[in-house]
Protein chains: 2
Amino acid sequence: MSNDAHPHDLPAVVRLLWDLGEPSRRGPKPTFTRDDVVAAAIEVADAEGITAVSMGRVAAQLGSSTMALYRYVASKDDLLTLMSDAAFGLPPEAPAGAGWRPRAEQWARAVRDEWTRRPWLLKLPVTGPPTGPRNLRWFDACLAAFDGTGLDAAQRVSATLLLSTYVRGERHLMIDISSRPPEELAQTLISYDVLAPLVSAEQYPALARMIADGEFDDDFGDDASGDDDFEFGLTAVLDGIAAAIERASA
Amino acid sequence: MSNDAHPHDLPAVVRLLWDLGEPSRRGPKPTFTRDDVVAAAIEVADAEGITAVSMGRVAAQLGSSTMALYRYVASKDDLLTLMSDAAFGLPPEAPAGAGWRPRAEQWARAVRDEWTRRPWLLKLPVTGPPTGPRNLRWFDACLAAFDGTGLDAAQRVSATLLLSTYVRGERHLMIDISSRPPEELAQTLISYDVLAPLVSAEQYPALARMIADGEFDDDFGDDASGDDDFEFGLTAVLDGIAAAIERASA
DNA sequence: GTTTTCTGCGTACTTCATACGCAGAACGGT
DNA sequence: ACCGTTCTGCGTATGAAGTACGCAGAAAAC
């Protein structure tokens, strides 16, 4: 990785994510690295959730004091930003000789697995489109899937953002349901028929009719991992991209 | 609206959002209502952003003390949950005699306008699928658009969630860009060509090639409101739902 | 009229992020 | 080898925010 970039030319978030700071030349050798701090924070988030990630808790995990962390990261916000990139694994290799659709589908399932594996990633503040080393690996892999489809560059970026946006949004909605402990789940509505006394036919005609028809009976939406919904949405999104590709080839 | 529901049968979040608590029968008349508190909080969020919404700031806006708020809401989390429903307006009337696609498209644009109008809504924690009175009006309106399309009930819900997920995700990504002040925007990357020194062709082949080809030159992505991207995605999502409808009719 | 319930809100406690500054370690220059 | 400069670890302190607890007074029920 080239570090020949002029750091002052780049946005602060890029300098942060790509670790473009100057290494120190004097003084005691640091006990840890910034990556150590980020890894400790990720361990805490994995074990206890993102709300447990305080500077004190990360310091305890690392084996240092709270204030020592500020030698490695400028603020908690910066730490969260670094976590939002470092917590992603690498995208899978594209299957050899596969067309755009199986590649895009594999990519979508793989990135969904990342968010399922680390649901707290969905709760981190979004600071913009992907710019970190890991996020860009995923971005690049999806862009590559659309190479040779006839979509121009802007459309390939749009298709990538569409697919990513869909999967993230679906995980964002579903993960708070499937990641809750069972006693808490009962307090989250996953079947609308219990709303029957509240939703009048006048104000909620379609919903009231579906409830009256028994469409939300016991097995509707019981698929707590959201797999059926995900498949419907994924097929629709890929069908939509296929339509855009057809138009681009005409 | 019927309040004959047995409140103890319903999840806590439904009881909260539908205001199923018992009204008080003794003691001084309260100076405000819960809706007053929520409205004050929304005013603060509109004027100063969601991070300014503290219990103290809301109390100041309302004209009461901080601790008095706890007579109306149990916690700040409950206040945020109430805001997440109350801040939505009503969905537009469907155009008379229109087919599913223009109705769904109008709905998508309208809900996008809601999130554009109140971008802080996107930063509120998501507690599950829509269950509040206002959110369900939007949910119902979109479900209604898919009536008569041949999609079964589960598919109509999936299509609605797909459309909503897409629009929300697109706004979630784009809003942090378009809502920033100009001096902050320069610190957010909206053109990838500045990453050229960082993204090696070995690790980011598709991205490096696009940068080398000048695909991210000055006017790429300058559409800060994301309108072009939004149109691509909306067309693709609706094309995908159209394909699902065709399969359902076969 | 008394008892019970309710409202407004002050005080205090807890948690968390981080500014500031000190002591000691380590490197560069002389 | 010594001195000055830079750096690391971290203790202390400050401020902000959420909210538990409890008191005084108001109002309804009995």
Side-chain angles (χ1 to χ4, degrees), chain A residues 12 16 19-41 44-45 47-84 120 123-125 127, chain B residues 12 16 19-41 44-45 47-84 120 123-125 127:
Chain A
L16 172 69
D19 198 7
L20 300 180
E22 297 285 306
S24 61
R25 291 182 286 116
R26 298 192 191 192
K29 289 181 179 12
T31 311
F32 307 101
T33 66
R34 199 186 66 170
D35 288 348
D36 291 334
V37 175
V38 176
V44 174
E48 300 166 41
I50 196 67
T51 56
V53 177
S54 62
M55 300 304 270
R57 185 66 193 86
V58 174
Q61 180 76 20
L62 187 63
S64 91
S65 78
T66 303
M67 297 320 301
L69 294 192
Y70 290 91
R71 293 294 177 186
Y72 302 93
V73 295
S75 67
K76 184 180 178 183
D77 278 350
D78 278 5
L79 176 57
L80 295 177
T81 298
L82 291 166
M83 289 169 76
S84 74
W120 52 262
K123 299 183 179 190
L124 296 177
T127 55
Chain B
L16 172 69
D19 198 8
L20 300 180
E22 296 284 310
S24 61
R25 290 181 289 116
R26 297 190 190 191
K29 288 180 179 13
T31 310
F32 306 101
T33 65
R34 200 185 66 169
D35 288 347
D36 291 334
V37 175
V38 175
V44 173
E48 302 165 41
I50 195 67
T51 56
V53 176
S54 62
M55 300 302 272
R57 184 66 191 87
V58 174
Q61 180 75 19
L62 187 64
S64 91
S65 77
T66 303
M67 297 318 301
L69 293 192
Y70 290 91
R71 292 294 176 189
Y72 301 93
V73 294
S75 66
K76 183 179 178 184
D77 279 348
D78 277 6
L79 176 58
L80 294 177
T81 299
L82 291 166
M83 289 169 76
S84 76
W120 52 263
K123 298 183 180 191
L124 296 177
T127 54

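Remember, it's a predicted structure, so these values are computed and weren't measured experimentally. Sequence lines set the chain letters: A, B, ... in the order given, protein chains first and strands last, and positions in each chain run from 1.
Of all heavy-atom pairs between A/Phe32 and A/Ser64, the closest is CE1-CB, 3.7 Å. The minimum heavy-atom distance between B/Val58 and B/Val44, with the atom names listed, is CA-CG2, 4.5 Å. Nearest heavy atoms, A/Tyr70 versus A/Met55: OH-CG, 3.4 Å. Minimum heavy-atom separation, B/Tyr72 to B/Thr31: OH-N, 3.5 Å. Considering all non-hydrogen atoms of both residues, A/Thr66 and A/Gly56 come closest at OG1-CA, 3.5 Å.
Among the nucleotides D/dA17, D/dA28, D/dG9, the one closest to the side chain of A/Tyr72 is D/dG9. Closest contact between the side chain of A/Pro28 and the listed nucleotides D/dT8, C/dC6, C/dC9 involves D/dT8. Side-chain proximity of A/Lys29 to the nucleotides D/dT19, C/dC27, D/dA17 is greatest for C/dC27. Checking C/dA19, D/dG18, C/dT11 against every side-chain atom of B/Met67, the shortest atom distance belongs to C/dT11. Distances were taken from every side-chain heavy atom of A/Ser24 (C-beta onward) to each of D/dT8, C/dG8, C/dA17; the shortest belongs to D/dT8. Closest approach to the B/Arg26 side chain among C/dT7, D/dT19, C/dT4 is made by C/dT4 (side chain taken as heavy atoms from C-beta onward). Of all nucleotides listed (D/dG9, C/dG8, D/dC7), D/dG9 comes nearest to the side chain of A/Thr31.
Following rounding to the nearest Å, B/Lys76 (NZ) and D/dA16 (P) show an atom-to-atom distance of 15 Å. What separates CZ of B/Arg71 from C1' of D/dG25 is a distance of 12 Å, to the nearest Å. In this structure, OH of A/Tyr70 is placed 8 Å from P of C/dA19, rounded to the nearest angstrom. The nearest whole Å value for the distance from the CD atom in B/Glu22 to the P atom in D/dA28 is 18 Å. Between A/Leu62 atom CG and D/dC10 atom C1' the separation is 13 Å, expressed in whole Å. Look at CE on B/Met55: it is 19 Å from P on C/dT11, rounded to the nearest Å. Between A/Asp78 atom CG and C/dA17 atom P there is a gap of 14 Å when expressed in whole angstrom units.
Along DNA chain C, the nucleotide closest to B/Arg25 and the one closest to A/Thr51 are compared, and the more 5′ of them pairs with B/Arg25. Nearest-nucleotide assignment on DNA chain D puts the 5′-proximal partner with B/Asp77, out of B/Gly27 and B/Asp77.
Side-chain contact, B/Asp78 with B/Thr81: no donor N or O sits under 3.5 Å from an acceptor N or O.
With hydrogens and angles ignored, the 3.5 Å screen pairs a side-chain donor or acceptor of A/Lys76 with a backbone N or O of A/Val53.
In this structure, the helix from C/dG1-D/dC30 to C/dT30-D/dA1 shows an angle of 0° between the axis at its start and the axis at its end, each fitted on 5 base pairs and rounded to 10°.
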